[in-house]
Protein chains: 2
Amino acid sequence: MMTADGRHRARRGEGDRLRGEILAAAEQLLIETADESAVSIRAIADRVGVTPPSIYRHFADKEALLRAVCREVFIRLDDTLEKAATGATNPFDELLRKGQAYIQFGLAHPENYRILFMLKQTHKAPPDGVADTDLPGSNAFLHLQDTIQRVIELGGPDAPKPDAYTMTCSVWTAVHGITSLRIAMPDFPWPSIDEQLEMVTAPWRQAICPNEHRQPTARRARQRAK
Amino acid sequence: MMTADGRHRARRGEGDRLRGEILAAAEQLLIETADESAVSIRAIADRVGVTPPSIYRHFADKEALLRAVCREVFIRLDDTLEKAATGATNPFDELLRKGQAYIQFGLAHPENYRILFMLKQTHKAPPDGVADTDLPGSNAFLHLQDTIQRVIELGGPDAPKPDAYTMTCSVWTAVHGITSLRIAMPDFPWPSIDEQLEMVTAPWRQAICPNEHRQPTARRARQRAK
DNA sequence: TGTACATCAGTGAACGCGCGTTCACTGATGTAC
DNA sequence: TGTACATCAGTGAACGCGCGTTCACTGATGTAC
């Protein structure tokens with residue numbers, strides 16, 4: 001028997017092939033249509049070239065499928081942030097790079113970002129019996145907390161020592177604010193992202209690294225790169 | 001002829017009565033069900049005690065209805081912020097109060113907040129021929145910009161003088177981040193809102209009012225209130 | 001004051017649609033003899 | 001090497017559902033004479 005569009009069906013051991021194609025198609029649809037409601041079981045099946053019921057051989061229901069998509073996107077987000085961090089010259093620089101990468105990731109894949117952080121958390125609920133810490137989303141968070149811990153330790157003995165966890169939440173919250181508001185209101189006359197990041201971080205830089213001179217972000221980054 | 005649930009229908013001049021009831025029902029449904037998809041023409045009509053087609057005598061289509069709901073919510077948000085500002089002892093205090101009120105407003109009416117700032121901007125597009133500045137949403141923004149202008153002027157001659165518009169966007173973005181991430185992920189172990197606000201504003205307070213002593217927000221507020 | 005009439009707010013039935021999901025099935029693939 | 005058989009990935013048809021919207025209508029309200 002052939003698949004609807006002429007592909008041969010998966011062999012015995014290849015059950016995961018279609019599974020992967022389904023996930024890829026779901027993500028593709030999210031990106032292309034930029035419309036969560038366009039991502040239906042039927043549309044996904046269509047895109048893969050398969051009939052809707054065959055989805056159910058790989059996912060219990062739509063909910064489980066979306067949960068799997070979230071998992072993929074979380075992993076990709078974490079990867080992106082970690083890659084962005086390599087090559088940083090110091091923890092503060094690393095934090096800045098991660099922030100920029102986070103925003104760029106969200107703006108480049110707005111509907112993916114949307115299902116992670118702008119919808120009800122249903123899709124993100126762990127399947128029964130899986131601890132929160134096993135979720136790929138928390139990896140990105142823990143990695144960020146790492147960076148921030150090092151930023152805090154960077155400060156001189158007189159610098160304020162905020163709680164790393166609270167500060168991680170605040171940083172996340174800040175970049176999420178920039179990202180999600182732009183996704184929701186792309187037509188608003190936003191200032192440039194660099195301006196916004198500079199405005200948010202400038203006094204922090206001052207407070208945490210009080211012995212450095214205040215300079216525009218971009219200039220500092222360029223100087224460090226030398 | 002009587003309405004479906006026994007109310008008398010509106011008299012000639014009272015066309016706006018049902019209109020108002022429809023808007024109220026739509027908002028009620030958003031709040032109660034906390035589920036945008038539960039707000040259908042049919043559900044709204046049911047709630048009002050009227051048949052679905054009668055909605056169309058008051059709104060061209062569902063889109064127009066949601067636009068009207070947004071308008072109402074924007075007005076209420078602006079009111080809430082302005083009320084929160086009265087009684088502030090200085091511009092910085094005013095800004096803080098507005099920030100707190102904004103977050104509380106969002107958390108108290110999460111689905112209302114959601115349709116304003118977490119969905120695609122379709123509902124918020126002005127009807128043809130209406131300038132952006134006529135939208136009630138921009139009132140709240142302009143009022144906030146006012147406050148921030150005064151905060152900036154509060155700083156001594158040596159304090160940094162950031163651009164008021166950019167800074168307004170940043171403040172909005174910051175409180176939106178706190179609000180929307182909590183709405184999307186209510187089960188995350190967030191720090192307290194006060195902690196988060198303090199963490200975001202502390203270095204700013206330092207930078208803008210460098211001649212004041214740094215103190216925890218709450219303590220300062222209490223002292224001022226005396 | 002009484003009557004004929006126009007208005008128009010709201011009705012009731014129906015439309016076509018796309019959705020998630022189910023069910024019994026088919027037939028290519030792999031395996032045992 | 002050839003054949004009978006079990007497996008199970010994917011099919012095709014159908015389900016019931018709630019949705020937004022349309023249409024011709026009804027009958028209470030207000031008005032003109």
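Labels below follow one simple rule: chain letters A, B, ... track the order of the sequence lines, proteins then strands, and each chain is numbered from 1.
The nearest heavy atom of DNA chain C to A:Pro53 and to A:Ala43 marks one nucleotide each, and the one closer to the 5' end goes with A:Ala43. Map A:Lys62 and A:Arg57 each onto its nearest nucleotide of DNA chain C; the residue landing nearer the 5' end is A:Lys62.
If you look at B:Tyr165 and A:Trp190, their ring centroids are not closer than 6.0 Å. Ring centers of B:Phe188 and A:Phe141: under 6.0 Å apart, within the cut-off.
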With both pairing distances under 3.5 angstrom for Watson-Crick or G-U wobble, and | for a partner in another strand, the correct string for DNA chain C is .||||||||||||||||||||||||||||||||
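We find that CG of A:Asp46 is positioned 15 Å from C1' of C:dG20, with the value rounded to whole Å. Between the CG atom of A:Leu18 and the P atom of D:dA9 there is a distance of 10 Å, rounded to whole Å. A:Ile44 places its CD1 atom 10 Å from the P atom of C:dC19, with the value rounded to the nearest Å. In this structure, the CG atom of A:Leu66 is 10 Å from the P atom of C:dT21, given to the nearest Å. At whole-Å resolution of the value, CD in B:Glu21 and P in C:dA9 are 14 Å apart.
When the options B:Glu32, B:Glu21, B:Glu27 are evaluated for a salt bridge (charged side-chain N to carboxylate O under 4.0 Å, His left out) with B:Arg47, the one that passes is B:Glu32.
Closest to the side chain of A:Tyr56, from the set C:dT11, D:dC19, C:dT22, is C:dT22.
Between A:Asp93 and A:Arg97 a salt bridge is recorded (basic side-chain N to carboxylate O distance below 4.0 Å).
At a cut-off of 3.5 angstrom, the base of C:dG18 holds no donor-acceptor pair with the side chain of A:Arg42.
At distances below 3.5 Å, at least one donor-acceptor pair connects side-chain atoms of A:Thr173 with backbone N or O atoms of A:Cys169.
Residues passing the side chain to side chain donor-acceptor pair (under 3.5 Å) test with B:Thr166, sequence neighbours excluded: B:Asp163.
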